[in-house]
A.B. asks: 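This structure is in structure tokens; I'll ask about it shortly.
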Protein chains: 2
Amino acid sequence: MPDVITKPDKKEHIIAAAEKLFAMRGYDATSVRDICHEADVNVAMVNYYFGSKEGMFREMVEQKASFMRGKLQALIADKSLTSIRKMEIAIEHQVNRMFLHKPFTMVVIREMSKDRGVAQRDMLQELFIPNMKLLRSIINQGIRSAEFRKVDIELTIATIIGAIWNIISTGDMMIASVSRSASAADPEALKQRLIRHLHQLIRHHLLIEANGTKS
Amino acid sequence: MPDVITKPDKKEHIIAAAEKLFAMRGYDATSVRDICHEADVNVAMVNYYFGSKEGMFREMVEQKASFMRGKLQALIADKSLTSIRKMEIAIEHQVNRMFLHKPFTMVVIREMSKDRGVAQRDMLQELFIPNMKLLRSIINQGIRSAEFRKVDIELTIATIIGAIWNIISTGDMMIASVSRSASAADPEALKQRLIRHLHQLIRHHLLIEANGTKS
DNA sequence: AGAATAATTAAACATTTGTTTAATTTTAAA
DNA sequence: TTTAAAATTAAACAAATGTTTAATTATTCT
């Protein structure tokens, strides 16, 4: 039995297919056969490469984790930026990342809402803690420097992330069903609209002097 | 073959068990056998009562739908309230409902993020449209009366709902992992905290004069 | 080229899935 | 109490699931 030495591009191919189907139908509703059919490989390849379906999920998570991390550290260290500007940039990063990796983000959202102890959830939880701690420290810094109000930090973060998740996962449904403008069809436009909205929202919410209507 | 005349309390019992397990593990990851074991009934009862697993899900949704509807209509018609007060009350209703029916809400969140065309998603989508239209009309009214800023209405609604969803579905994880206070253990306290946060958020976000720090 | 290892395949495996059947027990009415 | 309907059950069903096997094809290295 070979020790699973890989031909990485094919693994990538399988993971991409899995990511797509997981996002559409969910982890449990997607069979290994579905994935292999989508990726045009034999059913046995998943277990050959990853050992199991769950092993493949784990590798998918670990691979994407690197995308989700970093970039914010540099932001925090930057002394030339105001706290509100840091927040705006952080939000922009977050939105861009989640839109870029939309299928994966949707998998994360769905599996994260499961019970503690469910393998997929536990696997994903750690993924988000670093990011949230960074956001927290930015807000904290703003409060200490009297630039920000003393808001509920955790819920402020939860609000930002929740808003992004909501838009990503329910897609344009939440917009199209409420307004008659079918404008949300273009994902890039929707993304920019979301960034603009969140910038405005946190300026009003965080800044002590209410000078932030113009973005 | 009997025409499925029901003993309603037993159906309720099965639905309650299903709701609980769906919330914990997801629709697909929950087998009919799991549900029947949880409800202490025979495996055949689900098909006897509901025809199929999906039929049971449909009945569960329709039953809960009545809880999720209404209450906001009266709010809109009330002429004695300012728009911001209406928004605050609407938020309070929304949070209370979702916390009260937390398992169901989690099922909704998870299934709603699936592809259009997936049965469960389509079934749920219509559930939320009325609520969102009502929220929309409140904000619209506030903007027309120059009480509110000209914000992005759809995204403002999406933000509020997204924040609640996030707190409900990831539970205290998103809070506990960021702050060292283990205070989020008490759901009622968390609920009140969320309401307070959202009230403050929308005051700052919506009101033209920034007078709303004190809740 | 030849040997060794890796990659790939079709087929089979054991479980689990949702669902159905056919028999039995319970319930309720006459 | 007798009888018909409803409720409940254990067992079986067919299909789908994740996984493994054993054989075959490709690749790589000497």
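In what follows, every chain begins at residue 1, and chains take the letters A, B, ... in the order their sequences are listed. Keep in mind that the numbers below use all heavy atoms, side chains included, and drop hydrogens, waters and symmetry copies. This structure is a prediction, so every number in the text was calculated from the model and none was measured.
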A.B. asks: Quick one: on DNA chain D, does A:N42 or B:D40 contact a more 5' nucleotide (nearest heavy atom)?
C.D. replies: B:D40

A.B. asks: Could you tell me the separation between the CD atom of B:Q192 and the CG atom of B:N96, rounded to the nearest 0.5 Å?
C.D. replies: 7.0 Å

A.B. asks: With sequence neighbours left out, what residues match B:D78 under side chain to side chain donor-acceptor pair (under 3.5 Å)?
C.D. replies: B:S80

A.B. asks: Compute the bend angle of the helix from C:dA1-D:dT30 to C:dA30-D:dT1 from the end axes (five pairs per end), rounded to 10°.
C.D. replies: 10°

A.B. asks: Rounded to whole angstroms, how far apart are CD1 on A:I35 and P on D:dT19?
C.D. replies: 10 Å

A.B. asks: Using whole Å, report how far NZ of A:K10 lies from C1' of C:dA7.
C.D. replies: 8 Å

A.B. asks: Describe, in one word, how the ring planes of B:H204 and A:H205 are oriented to each other, choosing from parallel (under 30°), tilted (30 to 60°) and perpendicular (over 60°).
C.D. replies: tilted

A.B. asks: I want to check something: taking the side chain as every heavy atom from C-beta on, are B:L201 and A:L155 in contact at a cut-off of under 4.5 Å?
C.D. replies: no

A.B. asks: What integer distance in Å separates B:M56:CE from C:dT19:C1'?
C.D. replies: 14 Å

A.B. asks: Polar pairs (N or O, both sides) under 3.5 Å between protein and nucleotides 16-18 of chain D?
C.D. replies:
unit_1, atom_1, unit_2, atom_2, d
D:dG18, OP1, A:K53, NZ, 2.9
D:dG18, OP2, A:V32, N, 2.8
D:dG18, N7, A:R33, NH1, 2.8
D:dG18, O6, A:R33, NH2, 2.8

A.B. asks: Quick one: list whatever passes ring pair (Phe, Tyr, Trp, His ring centres under 6.0 Å) with B:Y27, sequence neighbours left out.
C.D. replies: B:F22, B:F57

A.B. asks: A:Y49 has an atom OH; how far is it from atom P of D:dT19, in whole Å?
C.D. replies: 17 Å

A.B. asks: Would you check if there is a donor-acceptor pair between the side chains of A:S137 and A:N140 at a distance under 3.5 Å?
C.D. replies: no

A.B. asks: Residues in salt bridge (charged side-chain N to carboxylate O under 4.0 Å, His left out) with B:R85, at least two apart?
C.D. replies: B:E88

A.B. asks: Rounding to an integer number of Å, can you tell me how far A:M45 CE sits from D:dA26 C1'?
C.D. replies: 12 Å

A.B. asks: Nearest 0.5 angstrom please: B:C36 SG to B:N47 CG, how far?
C.D. replies: 8.0 Å

A.B. asks: Check the phosphate of C:dT9 against A:Y48, side-chain N and O only, distance under 4.0 Å to OP1 or OP2. Yes or no?
C.D. replies: no

A.B. asks: Whole-Å distance between C:dT17 P and B:H37 NE2?
C.D. replies: 13 Å

A.B. asks: Check the distance between C:dA7's P and A:F50's CZ and give it to me in whole angstrom.
C.D. replies: 12 Å

A.B. asks: Using salt bridge (charged side-chain N to carboxylate O under 4.0 Å, His left out) as the criterion, list what pairs up with A:K53, not counting sequence neighbours.
C.D. replies: none

